[in-house]
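Have a look at the structure below before the remarks.
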Amino acid sequence: MKSNELRTSFLEFFKDKDHTIVPSMSLIPRDDPSLLFTSAGCVQFKPLWTGSVPLPYKRATSVQKCFRTSDLDNVGKTRRHHTFFEMLGNFSFGDYFKEDAILWAWEYLLEVLGIDPTRLSVSVYKDDDEAYDIWHKKIGLKKERIFRFGDEDNFWGPAGNSGPCGPCSEIFFDLGEKYSCGKKTCVPGCDCDRYPEIWNLVFPQFNQTVAGERLPLKNRGVDTGMGFERLAAVLQNKDSVFQTDLFYPIIEDIIKHKNLKYGEDRRIDVAINVMADHVRALVFAIGDGIIPSNEERGYVLRRILRRAVRLCRNLAINDPFLYRFVPRVIDMYKPAYADLVERREEITLIIKSEEEGFLATLEKGLHQFDEICKTRNSISGEQAFKLYDTYGFPIELIQEIAKEKGISVDEKGFMAMLEQAREISKAEAKFIPKGEWTILNDENGTFIGYDKVSVETKIIKFNAHEKIIEIVLKESPFYAEAGGQVGDQGEIVGEGFKLDVKDTYWHQGMIVCHCKLAQGKFTPGKVVAEVDLRKRKESARAHTATHLLHAALRKTLGEHARQEGSFVEPGRFRFDFTHFKPLSNDEINVIENIVNEKVLDNIPVEKFNTTLDEAKRLGAMAIFGEKYGDKVRVVKVNDFSIELCAGIHLDNTGQIGLFKIISQEAAAAGIRRVEAVVGLRLFEALRKSVSTIKELSQILGTDKDLIKKAYDFQERLKELEKLHRETSVQLARIKANELVRKLKKEKSKIIAQQFDKYSPDAIRLTADFIREDTKNCIGILYQEINGKLNYLIFVGQNLVKKRPANKLIKDVSKILGGGGGGRPHMAEGGGGDPKKVAEAIDFLKNKIE
RNA sequence: GGGGCCGUAGCUCAGUUGGGAGAGCGCUUGACUGGCAGUCAAGAGGUCACGGGUUCAAAUCCCGUCGGCUCCA
C-alpha cells in the first residue's frame, strides 16, 4: 500500500467509528511551554483529557507531524529512527476505553491492512489484567504472545513535564529470525530489530503534576500512536524505513546528483540516510515557521542541518547541497500537506543560506585549527572545546581532521569542559515556579478583557513560590500573549495584599498571570483585577496598525508579502513578512501614506466571532502555521483588511494617531522585518527630533540646508586638521634644530624644555627629530595643563640600553608625583606638580653624568 | 534563559604589560614594463561599533547598549 493511501485509510477507518478527523497541529506546540516540539499525536489533545477546555468532540483521529531529536545519534544508522515522522492516532476523551481501543486496533491491522496475525504480539502493563483479558479472551491471543512489562516500557507519558499519562499496551510485528539479535532474551520489546513496536495504545487515567504527583484524570480515555514510517516499512515489505516511498525518492535524487552507490558501503548509506531524513525534517519544520537560529527550536534545526552538512563533507560534497532536494520532498508530501507547495522557494532559500553560513563558519574554524597546529602537534581539551564552543566546529570534525593530520585530540578533556558548560547553563536557567499548583476550583478561567479592563473576580488556581506567584482568575481581563501581542500587565488587589502582574500567558488552556507580590501577604480569595490601561491602549494601537501595515504591504509589494510573524508591544511593533529584497525609500513612503490615510479616515474596526469557513469566505488572512479552531475571531477594517486575530484592537483606526516605519532589516533569508511606532510613543519621538533639529540649526547658524552645512564643516575641519599636521611637523623640525644647536653649544647632554600649547603629536615629533640628530642625550619636554604637568622623556640611541626612558620616567614621576610609562627610547607621563620640574631635571642630569 | 568569541581603512586582518593607528589586497596618480596577481614611487581612504567609567594617558582595562558568530538549556 502506498503511504498516501495508508494515511487516508487510517483516518477513514476511525471516521466510520464516529471519530472527528482533526488536522495535524503545527510542529510548534501551542500553549505548552514545557515542549519544544510537537513530539506525539496526543500533544494537541492534552487539555481535553485534563478537562481544562470544553470538549469539542469525544472521539478524534489524526495524522500528526512529529519531531524528536532524543535519538539523533541513531538516525540513519538504524532501520527505524528519524527526526521527523508522522503518527497515526485515535483518541477518546471520557468516552470509550480499553476494550474498543484494542478491538479496533486489531480490526484495522487485520482487516484493513491485511497483516498476518501470527506475526503480531502484544504487551500490557504489569498489573493491567483488564487489558490482558481483552487480548486473551476477546481477541483470543495466546498467552505466550502477551507480555507484561513494567513502568519503563508500558507506562506512558506525560509528554513534556506534566499532563495526562497512564498504562499502555503495545503491538509488535515480527520481522523474522534474521533480524534477531540472537540472544535467548530476544522477545517482543527487545532492543534489536526483530520486533518493531508498531502501535502503542495508551490509556490515560492520571494527570501528572509538575511535582510528579499523579491525580485522577477528569476525562480518562484512549490515546494511541502508530509510527507511520515503520508501518509503511512493514506493509511495503522493506528492510528499513529508508527504503519506503517516504524516503527512497529522496535517496534516489541524492545518489543521482553525485553518482553515489547505495547499499554497498555502510558508511555512505548512513550519510545518505541522514541527509534524506534531515532534509525532510527541515522542510517540515521550516514549513511550520521555525527558522534556523541560535536559540531554542531554531537551534535544534541548525544542529540538524549541520549534522547533514558535515556528512556531505564526508562524501566530498563541499557546496550547499541539501537545498536541492526540497522540491522532491514537497512533491512527495503534496497530497497530504498541500500548504508546503506555496512555501517551496522560501524553504529552499532558507536551507541554502543556512548551508552557506555553516560552510563559512567551517572555513573560519579551519583557520583556527591551522593556528593551533602551527605551534604543537596535539589538541588539548581546552583548545578542542574552544573550537567547538566559539567557532562552532563539530567535535566529530575536529577528530576527523586531526586524524588526517596525524595529531591527537584530548577527548576526555573536551568532554569534561562540555559537561562543565552544561552545568553552568542549567544552573543559571530561568526561574519558573517549581511549586505545586493549588486548585481551588476545577473550572477554567475565561477571558473577558475584550470588553472590560477591570473586574471583581476570584482566584481559582495559583502556584506560589516566595514572591513569584502564578495565578488563574475565574474571569481574566488580562490578555495572554498570543498572535505576537505581548501579555497584559496590571495589578491584582486582594484582601491585605497587592500583586503586580508582570506578564500574562497561556498554559494548557489556562490564562496564567505571572505576578510579583508587591504588598502584604498573599491569600487566595476575592480580588479586583485591573489591566494597565495606558499600556493596553498603546498595544492596541500597535496591533491594529500591524493589520493596516499588512494590507498596505500586500497592496504595494504584491500578494507574496505575507505575514511571517509579529511582535506587538505598547507603542511599537515588529512585523516580519516574505519579500526578497529591501524596501526602497519610495516603497516605504507609499506604505506609510496608505496606512496613515486609513488612520485619518477613522474607519471603525469591526470584531466578531464566526466559523472558520465563513471567515475564509470573507477572504480573511490567516497566519501560516497557526492553528485555528472552528470558531474564529475576525478583525475587519472596511474591505481593506480582514484578518483572523484574537488580539486586542481599537474601536476605530483614528485611535492609532499616527504611524511611522523606523527601520527595516532582514530577519532571515527571504523574510524582511520592519519596525514601526505609533500613537503617543511616535509623538514623543517626533517631539524629540524636532527639538534636536532646532538646536542643530542654531549651532550651525542656519535653518535650511543643514546637511550641506554639516558636510561643509566636516570638510573644513579636515582641511584644517591636515594643515595643522603639516605645520606641526615644520614647527617640530624648527624647534628640534634650535634645541640641538643649543645643546651642542653648551656641550650639554640634557635637553629640558617647556612646550606649552603644543599638541602631544608635535612634542613627540620634536623628540623624534632630536633623536635623529644626536645619539647621546636625554631629554625632557613638558607642558602645564590645568595646573598639572605632562611630560615626555626621550633617550638618545646610544643610551637606550643603559638608561631606558621607561625606567627613567618611573623615577621622574615619583619626584613629580604623577604616573607614566612607555618604551625604552621614549616614555610619557603626567599628573605631576609643575613646581617640582627643576628637581626632576636635576635628577636626570645626575643620571647622565 | 545562561555562557564564550568578535566588531580597527573598500576587503582580509595585525596591534605585546595601557604610552605614536598599521600590513596585505584593492583604489588614484606618475614612471618603468611583452606574459603568470609585472615593477617602482607618491597619494587618498579611519568617530578603532556606540555610550559611560578608571587613568596623567584607552583601540587596549571595567560597566552598559547595539550588531555578528558560536555553545548550552
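From a predicted model like this one, the values you see are computed outputs, not experimental measurements. In what follows, chains are A, B, ... by sequence order, proteins preceding strands, each numbered from 1.
- Rounded to whole Å, the distance from CD on A:Glu356 to P on B:rG68 is 18 Å.
- One atom, NZ of A:Lys810, and another, P of B:rU17, lie 14 Å apart when rounded to the nearest Å.
- Comparing the P positions of B:rC66 and B:rA23 gives an interatomic distance of 35 Å, to the nearest angstrom.
- Of the P atoms belonging to B:rG68 and B:rU8, the separation is 14 Å, rounded to the nearest Å.
- Figure legend: A:Arg771 and A:Phe794 shown without cation-pi pairing, the cationic atom not lying both under 6.0 angstrom from the six-membered ring centre and within 45 degrees of its axis.
- Side-chain atoms of A:Asp389 and base atoms of B:rG3 include a donor and an acceptor less than 3.5 Å apart.
- One side chain, A:Gln399 or A:Glu411, offers a donor N or O that lies under 3.5 Å from an acceptor on the other.
- Salt bridge annotation for A:Arg733-A:Asp773: present, with a cationic side-chain nitrogen under 4.0 angstrom from a carboxylate oxygen.
- Here A:Asn806 lies out of heavy-atom contact (under 4.0 Å) with every strand.
- At a threshold of 4.0 Å, the pair A:Glu396-A:Arg307 does not count as salt-bridged, since none of the basic side-chain nitrogens sits closer than that to a carboxylate oxygen.
- Ring centers of A:Tyr782 and A:Phe755: at least 6.0 Å apart, outside the cut-off.
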Where do N or O atoms of nucleotides 54-62 of chain B meet protein N or O atoms at under 3.5 Å, pair by pair?
| from | atom 1 | to | atom 2 | distance (Å) |
| --- | --- | --- | --- | --- |
| B:rC56 | O4' | A:Gly831 | N | 3.3 |
| B:rC56 | O2 | A:Gly830 | N | 3.3 |
| B:rC56 | N3 | A:Gly819 | O | 3.1 |
| B:rC56 | N4 | A:Gly819 | O | 3.3 |
| B:rC56 | N4 | A:Gly820 | N | 3.1 |

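- Contact check on A:Lys735 versus A:Glu738 returns a salt bridge, with a Lys/Arg side-chain nitrogen under 4.0 Å from an Asp/Glu carboxylate oxygen.
- At B:rC69, none of the side-chain N or O atoms of A:Arg306 fall inside 4.0 Å of OP1 or OP2 (strictly under the cut-off).
- Annotation: B:rC56 and B:rA44 have their P atoms spaced 36 Å apart (nearest Å).
- The P atoms of B:rG45 and B:rG52 are separated by 27 Å, rounded to the nearest whole Å.
- Remark: A:Arg302 is in phosphate contact with B:rU70, judged by side-chain N or O atoms under 4.0 Å from OP1 or OP2.
- When the C1' atom of B:rG19 is taken as reference, atom CG of A:Asp761 falls 13 Å away, rounded to whole Å.
- Separating the CG atom of A:Leu418 from the P atom of B:rU70 is a distance of 17 Å, rounded to the nearest angstrom.
- The separation between A:Leu808 atom CG and B:rG19 atom P is 19 Å, rounded to whole Å.
- Shown are A:Arg572, A:Arg574, A:Lys660; of these, the side chain to side chain donor-acceptor pair (under 3.5 Å) with A:Glu675 is made only by A:Arg572.
- Comparing the C1' positions of B:rC36 and B:rA31 gives an interatomic distance of 23 Å, to the nearest angstrom.
- Here the side chain of A:Arg303 is nearest to one of B:rC71, B:rG20, B:rA73, namely B:rA73.
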